[in-house]
Amino acid sequence: MSDRLVSRRAVLAGAAAAAGVAAIRPQSPPPAAGAEAAGPSGDGLGQILAWDAHTHFSAVTGTIPQRVAQLLKYADRVGVERIVLFMGTSFIAQPTPEQFRQQNDEVLQGIAVAPDRVMGFVYLNPRYQRESLAELDRCVRDGPMLGIKLWIAIECSQPELDPIAQRAGELRIPVLQHAYWRTWGNLPGESAPPDVAALALRHPEVSFICAHSGNDWERGFRAIRAAKNVWAEVCGCDPTAGMVEMAVRELGAQRVLYGSDAGGRSFASQLAKVYSADVPVASKRLILRDNLRQLLAPAMKAKGMKV
Ligand SMILES: [Zn+2]
């Protein structure tokens with residue numbers, strides 16, 4: 001045991017406290033919808049019960065009910081009330097219709113485990129337009145899902161996206177699009193923030209979520225700034241100081257969303273970005289829950305769900 005290890009532990013403990021995760025209650029019961037627990041942060045925020053815009057079945061194991069139970073166990077520890085879940089137990093970049101239907105069936109099973117806490121987005125492949133639109137109807141119009149998830153099948157600025165975006169507008173649901181800027185060049189079909197902005201500008205009536213804010217977020221926030229119907233989602237990269245502050249500065253707190261990308265990332269590390277940010281308490285409340293709630297409210301109300 002070295003002094004270095006001890007001091008590193010002290011630093012991590014301090015970081016956890018700053019992140020508001022000192023309030024971990026391992027066996028806490030699922031919180032009531034819309035409730036707020038009294039928190040220890042002392043900054044007036046309390047421990048708001050967050051809504052997470054971005055989670056997966058990865059890094060948890062077993063059957064679908066077992067995986068959902070694990071996700072919610074970890075969510076409970078850090079005050080996450082609801083999670084948006086999408087894609088199945090495997091990650092398929094270029095899914096066939098049969099594959100995305102199967103992936104969405106897994107998410108439907110996950111929602112059924114805890115319908116008051118798990119919210120699904122339907123995973124589609126715009127290269128299969130007819131089948132994607134049918135799947136959208138199956139899972140959103142006729143099912144419990146509340147949004148669309150698109151990954152790396154095709155750059156989202158391409159015209160193949162237009163029928164899906166238009167249908168999202170009709171159903172009044174958001175489109176969450178993965179967007180990255182990789183230092184060694186993007187994957188085939190992978191969107192970057194300007195692709196999201198281009199699509200959003202063609203569909204001003206639809207709300208788009210720029211997942212990861214491009215990962216290279218300093219450029220990402222600026223790339224989507226002019227497209228007012230794009231929300232920046234801050235998940236999936238290291239909890240770098242200054243990220244949320246810049247998002248609020250460039251876009252306004254109303255356009256920033258907390259997400260974790262669990263299990264690719266932990267709930268706690270991504271919550272820390274928001275809890276530790278030097279922004280007003282009212283902004284953190286918007287980012288952690290209220291902005292996402294507002295985006296999902298039309299579809300939730302249409303389905304008779306409690307918002
Ligand atoms: Zn993800």
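Order of listing sets the numbers, starting from 1, for every ligand and every atom in it. Atoms considered below: every heavy atom in the structure, side chains included; atoms not considered: hydrogens, waters and symmetry mates. Counting begins at 1 with the first residue of the sequence.
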For Pro126 and Ala153 the tightest heavy-atom approach is CD-CB, 4.3 Å
Q. Between Trp151 and Phe91, does the ring centroid distance fall short of 6.0 Å?
A. yes
Aromatic plane relationship, His212 with His178 - under 30° parallel, 30 to 60° tilted, over 60° perpendicular
perpendicular
(message) Closer than 3.5 angstrom, by distance alone: can the side chain of Arg67 be matched with the main-chain N or O of Ser58 as a donor-acceptor pair?
(response) no
Any protein N, O or S atom under 2.8 Å from the Zn ion (ligand 1)? Found His54 NE2, His56 NE2, Asp261 OD1
Query raised in the report: Looking at the rings of His54 and Phe86, which for Trp means the six-membered one, are their centres under 6.0 Å apart?
Result: yes
Output for pair (Glu233 CD, Gln177 CD), nearest 0.5 Å, gives 11.5 Å
